[in-house]
Amino acid sequence: MRLLIVGGGGREHALAWKLSKDKPSIEIIAAPGNPGIATLGRCAAVSTDDIPGIVALAKTERPEMVVIGPEAPLAAGMSDALRAAGFAVFGPSRLAARIESSKSFAKALMREAGVPTARAVRCVDVESARRAAREFGTPVVIKASGLAAGKGVLVCDTMADAERAIDAMLRDDSFGPAGRELLVEEWMAGEEISLFAITDGKTVLPMLAAQDHKRLLDGDRGPNTGGMGAYAPVSLSSEALVEDAVERVFQPTLGALRAAGAPFSGLLYAGLMLTPQGAKVVEFNCRFGDPETEAILPLLESSLLEPMLAVAKGEGLSGKALKWSRECAVTTVVAADGYPDRVRKGDPIELPPREPNIHVFHSGTGIDADGNLIATGGRVFAVTAVASTLAEARRASVRVAESVRLEGKQLRTDIGWREQERSAGATGD
Ligand code: AMP
Ligand code: GLY
C-alpha cells in the first residue's frame with residue numbers, strides 16, 4: 001500500500017512513523033517531507049502550496065490515500081483538487097476548512113449550533129471594533145479572522161493595547177488579508193487543552209487530549225510560538241469531559257457544517273478552555289496539531305491507518321475505536337537560535353544515538369550540499385519520551401533534547417509543569 005503525505009514538519013514525521021508502524025509494508029511518499037521522514041520512505045520535492053504539483057505527483061504515484069498535514073493547502077482547496085482527480089484524501093474540503101481559515105465563519109457557526117464559546121463581535125472597521133472592545137472591557141482578545149500562522153491572536157490587558165491591535169489589523173494592514181476582518185472577543189479564564197477527533201462527518205472518534213505550551217520560555221513566559229512542547233494524557237480531560245465535548249462541541253459543529261453544505265471529514269481539532277462554566281471552544285483547527293501529534297501518537301496502541309483510510313475512502317467510522325497506552329508522553333521542542341522572531345538557519349546538527357522509548361521527530365531540518373544535516377526552520381525537532389510517569393517522561397525528553405548538538409538551540413525544560421503541580425497537589429507533596 002502506498003500513501004502520500006503532504007507536509008514536512010514534526011507532525012508529518014510523527015504521522016509517517018505511526019502509519020508505517022501500523023503496516024510495515026506500507027510505502028510512504030512525502031511532499032516535501034524532511035530528512036527524518038526520508039528514513040521511513042521517499043521524499044518528493046513538491047511544495048505544500050503547489051496544488052497542481054501535488055495532483056501531478058499523486059497521478060504518478062497512485063497512492064491509496066493522500067494525507068494533508070498543514071492548514072494552508074486545506075484552506076486553498078488541495079483536497080478538493082485531489083478528490084476531483086479520483087484520490088482518497090484524509091483532510092477536509094476548502095469549504096469545511098473554513099472552520100479554521102475563517103474565525104468569523106467558525107464563530108457564526110458555533111453561535112447557530114449553540115456550541116459553547118466566548119462571545120465575540122465581527123468587525124471590519126476601526127470604530128466598531130474599538131466600541132466592541134470597550135463594551136467587553138479588559139482583558140479583551142483581538143483576533144485576525146484569517147490564517148496568520150499562529151500570530152493573529154492578541155490577548156490585550158489594556159484598552160490601549162486593544163486599540164493598537166485593532167489599528168495594526170484594520171488600519172495598517174500589518175496582518176495582510178488575514179487581519180482585514182477581525183473578532184473582538186471576550187477573554188476566558190481557565191486552562192486550555194487540545195482535543196482531536198477523527199471524523200467522517202458524522203461519527204466522532206475522540207483522541208487523547210494533550211496540552212500545548214505556546215510560550216517560548218519556562219514558566220510560560222516570553223513570546224508566543226507555534227508550540228514549544230506538549231504532553232499527554234491530561235488528567236483534566238476525564239472521560240466525562242470528552243463525552244461532553246463530543247455531544248456539545250463536535251456533534252453540533254459537524255451537524256452545522258453539514259447543514260451549511262460543507263460536510264467535514266478528517267481531523268477536527270478543538271482548542272477547549274476549561275472555564276468554571278464548563279469547556280468552551282477557543283478555536284477549531286481542521287488538521288492535526290503540532291506538537292500535540294508528536295506527543296499523542298506514540299501512545300496510540302491501536303491502528304491509526306485503519307480509521308484514517310475509512311474516512312478517506314468514505315467508508316465511515318461506526319464501530320471503530322482507538323486504544324491508548326496507559327503511559328505518559330512528553331514532547332520537548334528544540335528550536336533554532338532567534339526563534340520565533342529572527343530564526344537562524346543553516347547551522348549543522350548532530351543527533352544523539354537512538355534510544356528506546358524516545359522519538360526524535362524532525363520539524364525543521366534539511367541536508368546541505370555536502371550531505372550534512374542542518375537546521376532549516378524555527379522548530380527543528382520535537383523530542384518525545386514515553387515513560388510510566390510524566391516526571392520520568394519529562395526528564396528523558398529534556399535529557400535527549402539537551403543532547404542534540406545545534407548552536408544557539410532553545411528548549412523548555414518544564415513541559416507538563418501544570419500536570420505535575422496537579423499531581424503533587426493530589427498527593428499532598
Ligand atoms: P487561537 O489561535 O484562537 O487558539 O488563540 C491563540 C491563543 O490565544 C489560545 O491558545 C489562547 O491561549 C489564547 N486565546 C484565544 N482566545 C482566547 C479567549 N477568548 N480568552 C482567553 N484566551 C484566548
Ligand atoms: N499546537 C497548535 C496548533 O497546531 O495549531
Side-chain angles (χ1 to χ4, degrees), residues 7 9-12 14-15 69-72 74-75 97 99-107 110 115-121 132-133 136-157 161-162 165 169 175 178-179 182-196 207 209-216 220 223-232 234 267-277 279-297 331 333 335 340 361 363 378-379 382 412 415 418:
R11 162 183 52 209
E12 289 78 22
L15 284 165
E71 62 276 17
L74 290 165
I99 195 79
E100 172 168 3
S101 66
S102 167
K103 288 187 192 286
S104 77
F105 170 80
K107 189 62 81 173
M110 283 189 267
V115 172
T117 185
R119 287 183 302 135
V121 179
F136 281 122
T138 55
V140 64
V141 186
I142 310 296
K143 295 188 171 186
S145 181
L147 290 182
K151 297 200 170 80
V153 175
L154 298 160
V155 177
C156 303
D157 288 327
D161 285 349
M169 288 182 196
F175 292 75
L182 57 74
L183 293 181
V184 177
E185 188 168 295
E186 166 192 40
W187 180 79
M188 296 184 284
E191 255 191 74
E192 198 176 341
I193 60 167
S194 306
L195 184 60
F196 302 170
M207 300 185 83
Q211 197 165 44
D212 189 7
H213 294 57
K214 289 196 201 284
R215 301 290 206 98
L216 180 69
D220 290 334
N224 261 322
T225 70
M228 292 298 289
Y231 70 92
V234 185
L267 190 291
L268 185 57
Y269 163 146
L272 298 175
M273 192 70 87
L274 307 183
T275 75
Q277 297 84 40
K280 292 189 184 179
V281 176
V282 179
E283 62 164 348
F284 281 116
N285 292 320
C286 65
R287 35 94 199 158
F288 285 93
D290 196 342
E292 296 96 319
T293 301
E294 292 94 305
I296 67 172
L297 291 189
T331 301
V333 167
F361 296 117
S363 299
R379 290 187 290 175
R412 283 182 62 161
I415 302 304
R418 289 174 190 277

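This is a predicted model, so every value here is computed, not measured. The chain is numbered in sequence order, starting from 1. In each ligand, atom 1 is the first atom listed, and ligand 1 is the first ligand listed.
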(request) Applying side-chain contact (heavy atoms from CB on, under 4.5 Å), run through M228 and D220 and close with a yes or a no. (result) CA-CA 10 Å; M228 292 298 289; D220 290 334; over 6 Å; no

(request) Give the atoms of ligand 1, by number and element, whose distance to some non-hydrogen atom of K103 is under 4.0 Å. (result) 1 (P), 2 (O), 3 (O)

(message) If the contact criterion is a heavy-atom separation under 4.0 Å, does F288 count as touching ligand 2?
(response) no

(request) Between V153, T275, N224, flag the one that comes closest to atom 8 (O) of ligand 1 by a heavy atom. (result) V153

(request) Measure the distance from atom 13 (C) of ligand 1 to every protein heavy atom, then report the residue, atom name and distance (to 0.1 Å) of the closest one. (result) V155 CG2, 4.2 Å

(request) Would you tell me whether E292 and S194 have side-chain atoms, one donor and one acceptor, within less than 3.5 Å of each other? (result) yes

(request) Identify, for atom 14 (N) of ligand 1, the protein heavy atom at the shortest distance, and state residue, atom and that distance. (result) V282 CG1, 3.9 Å

(message) Within ligand 2, which atoms have a heavy atom of K214 less than 4.0 Å away?
(response) 2 (C)

(message) Only heavy atoms of G289, strictly under 4.0 Å: list the atoms of ligand 2 that pass.
(response) 4 (O)

(request) List every atom of ligand 1 that sits less than 4.0 Å from any heavy atom of W187, numbering the atoms from 1 in the order shown and giving each element. (result) 20 (N), 21 (C)

(message) Donor-acceptor check, side chain of T138 to backbone of V140, threshold 3.5 angstrom: yes or no?
(response) no

(message) Polar contacts were defined as any N/O atom of the residue lying under 3.5 Å from an N/O atom of the ligand; does this apply to M188 and ligand 1?
(response) yes

(request) Nearest heavy atom to atom 4 (O) of ligand 1 wins, so pick from E283, K143, K280. (result) E283

(message) Any nitrogen or oxygen of D212 lying under 3.5 Å from a nitrogen or oxygen in ligand 2? Just yes or no.
(response) yes

(request) Measure from the side-chain N and O atoms of Q211 to the backbone N and O of E192, and report whether any donor-acceptor pair falls under 3.5 Å. (result) yes

(request) Just jot down the ligand 2 atoms closer than 4.0 angstrom to any heavy atom of N285, in number order. (result) 5 (O)

(message) Please check this pair: side chain of E283 against backbone of G271, looking for a donor-acceptor N/O pair closer than 3.5 Å.
(response) no

(request) Pick one of side chain, backbone, both or neither for how E186 approaches ligand 1, counting any non-hydrogen atom pair under 4.0 Å. (result) backbone

(request) Identify the protein heavy atom lying closest to atom 22 (N) of ligand 1, giving its residue, its atom name and the separation to 0.1 Å. (result) M273 CE, 3.7 Å

(request) Just go through H213, R11, R287, E292 and tell me whose heavy atom is the nearest to atom 5 (O) of ligand 2. (result) R287

(request) Say whether, by atom type as modelled, one donor and one acceptor occur between the side chain of R379 and the main chain of G226 under 3.5 angstrom. (result) yes

(message) Students should be able to answer this: which protein heavy-atom is nearest to atom 10 (O) of ligand 1, and at what distance?
(response) E192 OE1, 2.8 Å

(request) Please answer whether the main-chain N or O of V281 pairs with a side-chain N or O of T117 as donor and acceptor at a distance below 3.5 Å. (result) yes

(request) For V141, counting its heavy atoms only, list the atoms of ligand 1 lying under 4.0 Å from any of them. (result) 16 (N), 17 (C), 18 (C), 19 (N), 20 (N)

(message) Tell me whether E186 contacts the main-chain N or O of R119 through its side chain, where contact means a donor paired with an acceptor under 3.5 Å.
(response) yes

(request) Give a yes or no on whether the backbone of R215 and the side-chain of R412 come within a donor-acceptor separation of less than 3.5 Å. (result) yes

(request) Please test E100 against L147 for side-chain contact (heavy atoms from CB on, under 4.5 Å), starting from the C-alpha separation and ending with a verdict. (result) CA-CA 8 Å; E100 172 168 3; L147 290 182; 3.8 Å; yes

(request) For N285 and L268, work out which heavy atoms get closest and say how close. (result) O-CD1, 3.6 Å

